[in-house]
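The structure appears right after this line, and notes come after that.
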Amino acid sequence: MTAPAGRRSGRRVLSWLLALVLLGVIGFVVFRDVGGQEPEPVAPTVVSGVIGSEKAAFFADERVRNAFLAHGLDVRADPAGSRQIATTVRLDGYDFAFPSSSPAADKLLAQRPTARTYAPFSSPMAVATFAPIVDLLTQAGVVAPGSSSFDVRRYLELAAAGTRWDQLPGNTTFPARKDVLLSTTAPCQSNSAAMYLGIASYVANADGVVADQGVAAQVTPSVQPLFRDQGYLPPTTEVLFEDYLSAGMGRVPMALVYEAQYLAEALSPDPVLPADARLLYPSPTIFSRHTLVPLSPAGDRVGELLTSDPQLAELAAQHGFRPTDPRPFAAAFRDRGLPEPPQLVDVVEPPSFDTLEGMLTLLGCAP
Amino acid sequence: MRAVRRIAVVAAVLALVAGCGGDGGGGDGPGLAVGPSDAPVTLRVLAGSELLDLEPVLAEAGAATGVRIELDPVGTLDGAEAVASGTAEAGHDAIWFSSNRYLALQPAAQARLGTATDIMSSPVVLGLRRSVAERLGWVGRPVTWAEISAAAGARQFTYGMTDPSASNSGFSAVVAVATALAGAGSALTREQAESTVPALRDFFAAQTLAAGSSGFLQEAYVRRATGADPGEPVDGLINYESVLEGMNAAGTVPEPLELVRPADGVVTADYPFTVLAAASPEAKDAHRRLAEHLRTPDVQRAIAERTHRRPAVPGVLPAPAGTAVELPFPAQADVVDALLTSYFDKLRRPSRTIYVLDTSGSMAGDERIGALRRSLAGLAGADPSLTGQYRRFRGREQVTLLPFSTGPGSPQTFTVAEDDPGPDRQRIADAGAALQPDGGTAIYDGLQAAYRIAEQQIAADPDRFTSIVLMTDGENTSGADIEAFRLFAGARPAALREVPVFCVLFGETDAEEMEEVARLTGGRTFDARTAPLAEVFKEIRGYV
């Protein structure tokens, strides 16, 4: 009786031991998982920033939010026009500003000097349009047959002549009594329009970056109608691109947007690009370098993570941005079975902040 | 009868109080409180009145986000002025109008705006009674503004439209028709805005109904169509697509409206929900939470179903078929100015207004007769504000001042010159300054005298909008009473039946009687007991 009892007793000890081990394992797993998500048991630090609107979807992405939360940061972002960020937005209370270009960031830096800025990704300016418009532009010599290259010089000639869509030869697909005009945002508020000003003034200046106020004064009158003739312009590129997506060809036949906006839709698991959507690249184009200016230590941490965290770089690529390391960008397209966007060669630099501001002032923007 | 009416009024007041229940903040103006009263954040929003139809959506959004929203309705241009001057910041965290385009014309206003998030959209189109649209051959094929304008010039149909200086839908229509008729492929220039006058004259010749807001326009159209209002029914109205579709869906009109979306282009309202730059961080956060919620696919679909507006978020509903062209909206203040000035001074059917003004003894004192004199001077040009400029007496307008006390006084009529309106405006201001308080209050004798004047003036010159504005600070003490006016109003000859009375509630005025006068004549009341008299006189200008 004792033996079985002893065995039983031994078994009891064993089962206790096993139970303890099991509890330990569960505890470890639970602890590890909890710890993995929130290494700091304290509530995450709320970090707020004002960002160029085209990055709103990136910051709103649950995966991006979680990637920051894993580092103890609860990042909240208010979208605004990039020039607004540099000029009119009240920055008190924000931890970082993240406009869409280096000139806008330079302007901020002049007011709020900081030790470091971060440029974790960039995006070229591109033209979001529709297949029938691409056909019309090809016939008009703006797009080379079969290419995705949008000849800015040829387009400026059409625009300068006041050509309407219904005046293009053989146009039965879009006979609108509207001028052939690339839709943009308001240059006084938004960076993408300022980048367009950079591109158009480069071409109007016989292929040279406008580098001083004298040249700016000569060139600006010829590019002014590109904005003025459009009338009221949306304040942000996000609004413009959404108009393109939801209102269709009649409202926005072709829009100057960031490549990332279009690519993010193409890469999305649930894309809402119109069936006949097409992307063209202005030749020449400008890369907007999204530049984060920290306004507090927590904001600095956001910039650092965006630059160094591989997961955030992957997510940025999935939102269509080109990270400094090209591999995540290529991988994002490979994973979705889509062709990788072209490497662009006809790229020019934006004018300096002062020259850009000079041109904007000539366009009637308050300095 | 009287008791029944009282109960109705009490019930209405109770409903209003219930609607504002739990209103912890300001409670100023006709604010609409939505959402749980114990919600942690309340967002005070200066908004277009047409947004009141979003009430159920906002109530649900309040429950889901903890952000209670209080809408304080105001006209688009008045709202723009409040933002530009900074007064909007004092009582509000955000603004929400059919568009921010007016604001874009004023750099001072632009700088006061924070994040703007588009929530929905609706183009401004023409709705016509189906039989009229069929008679004109406008069903099932593209129609241009030029065709519409030609038919309007030939008086083949009539329509109503809001005052473009008060309401975005009216101004969008002016922009669309002017841009299309100018044949411009780009935003109108000032020269084009001025040169389109002859072509636009045809278009506006068919406008027989005006209003200061799209809501009142819709109601006035329905009341005339159903015979509830004494005036001639109108064939159609220019309004948001969403309002017209809502009218069809509600079945309030005897005949469905055919929506004519002009092929050469429309102007679309985009409803940017915009936080003010001066708002607190809490309010900015609340704005962001609410805007994100309103843009979730389910809420976007709910907005589309309940308000007939189009979702702002792509992919929520199938894209609309066809290629509706959007016309460019002028971005320069001088172009807008030229359009509005020519609309009022040259294009619109000119108006004729008889001001029936209480000069009884109780009007003595600076806050009464003084306020009245200043109000008239403001309309005569002394008011330098943006709205003041657009609402002043216009070229070609006929203005009659009819003071009354124990009986009707002697009327003075002025016709403002088209090309040099200044001197005539000055004469009206001078006549206002000469008003002296004395005697009793014969409201209905004064009103009947005004109708007799209107009858003579209409016989001499029938092609004008004719209205009566009644301003009184007290109860009727002499002459005919409300019963007599009821009989008089019911027996008016046809030409006078379309003449509404707009009543200004002031001092100890009998609000209930004034409501009835407005109802009997197809007008409405305006409350100057809580708002400055001059502001109310200016507001009425949108309706006359």
Side-chain angles (χ1 to χ4, degrees), chain A residues 48 50 53 56 60 76-80 84 87-90 93 132 162-167 173-174 176-181 186 188-189 225 227-236 238-239 241-253 265 270-275 364-366, chain B residues 99-101 104-105 107 110-118 121 123 144 175 179-180 183-189 263-268 270 272 274-275 277-278 280-281 284-285 287-288 292 310-317 319-332 335:
Chain A
S48 64
V50 57
S53 64
R76 300 182 184 179
D78 284 333
Q84 269 179 315
T87 54
T88 61
V89 170
R90 295 175 197 183
T163 315
R164 290 194 320 245
W165 289 105
D166 64 356
Q167 292 169 334
T173 46
F174 187 61
R177 283 178 70 87
K178 254 182 22 167
D179 287 7
V180 176
L181 277 176
C188 301
Q189 289 155 272
F227 299 102
R228 187 198 58 209
D229 290 352
Q230 293 183 69
Y232 173 82
L233 298 172
T236 68
E238 188 193 25
V239 172
F241 187 60
E242 213 162 65
D243 281 351
Y244 161 78
L245 289 176
S246 60
M249 199 154 76
R251 181 141 177 201
V252 184
E265 272 311 319
D270 189 16
V272 293
L273 283 178
C365 304
Chain B
S99 94
N100 281 354
R101 291 167 196 148
L105 300 170
Q110 192 76 42
R112 295 182 190 273
L113 302 182
T115 303
T117 311
D118 288 358
S121 72
T144 63
V175 166
T179 308
S186 54
L188 277 182
T189 62
D264 35 5
V266 293
V267 171
T268 301
D270 52 6
T274 310
V275 75
S280 68
K284 282 183 179 154
D285 186 60
H287 169 265
R288 174 173 47 221
E292 275 173 15
R310 303 176 179 192
V313 174
V316 167
L317 290 182
T323 52
V325 173
E326 181 75 14
L327 290 167
F329 195 94
Q332 285 162 300
V335 178

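A, B, ... follow the sequence lines: proteins, then strands. Residue 1 opens every chain.
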- Do B/Lys284 and A/Asp78 sit within salt-bridge range, that is, some charged N less than 4.0 Å from a carboxylate O? no
- Listed by chain and number, what are the ring-ring contact (aromatic ring centres under 6.0 Å, His included) partners of A/Phe174, not counting sequence neighbours? A/Trp165
- Message: I'd like to know whether B/Val325 forms a side-chain contact (heavy atoms from CB on, under 4.5 Å) with A/Arg251, so could you lay out the CA-CA distance, the side-chain angles of the two residues, the decisive distance to 0.1 Å, and finally the verdict.
- Response: CA-CA 5 Å; B/Val325 173; A/Arg251 181 141 177 201; over 6 Å; no
- Sequence neighbours excluded, the answer for side chain to side chain donor-acceptor pair (under 3.5 Å) partners of A/Thr173 is none
Please report the interatomic distance [atom1]([X]) to [atom2]([Y]), rounded to the nearest 0.5 Å.
X	Y	atom1	atom2	result
B/Asp270	A/Glu242	CG	CD	10.5 Å
B/Arg288	A/Ser48	CZ	OG	7.0 Å
A/Tyr232	B/Asn100	OH	CG	5.5 Å
B/Asp118	A/Thr236	CG	OG1	7.5 Å
A/Lys178	B/Ser186	NZ	OG	11.0 Å

- Item | Choice from B/Ala277, B/Gly265, B/Pro330 maximising heavy atom contacts with chain A below 4.5 Å | B/Ala277
- Message: Just so I understand: if I count every heavy-atom pair under 4.5 Å between each of B/Pro281, B/Ala116, B/Gly183, B/Gly114 and chain A, which residue has the most?
- Response: B/Gly183
Testing the basics here: between [X] and [Y], what is the closest heavy-atom pair and its distance to 0.1 Å?
X	Y	value
A/Pro79	B/Thr115	O-OG1, 2.8 Å
A/Asp229	B/Pro328	O-CB, 4.3 Å
A/Arg228	B/Ala187	O-CB, 3.8 Å

- Message: Given heavy-atom pairs under 4.5 angstrom as the criterion, report whether the side chain, backbone, both or neither of A/Ala77 touches chain B.
- Response: backbone
- Message: Between A/Gln230, A/Met249, A/Arg164, A/Arg90, who has the most heavy-atom pairs with chain B when the cutoff is under 4.5 Å?
- Response: A/Arg90
- Note on the structure: Honestly, the part of B/Ala278 sitting under 4.5 Å from a heavy atom of chain A is both
- A/Ser246 side chain vs B/Val313 backbone, donor-acceptor pair below 3.5 Å: no
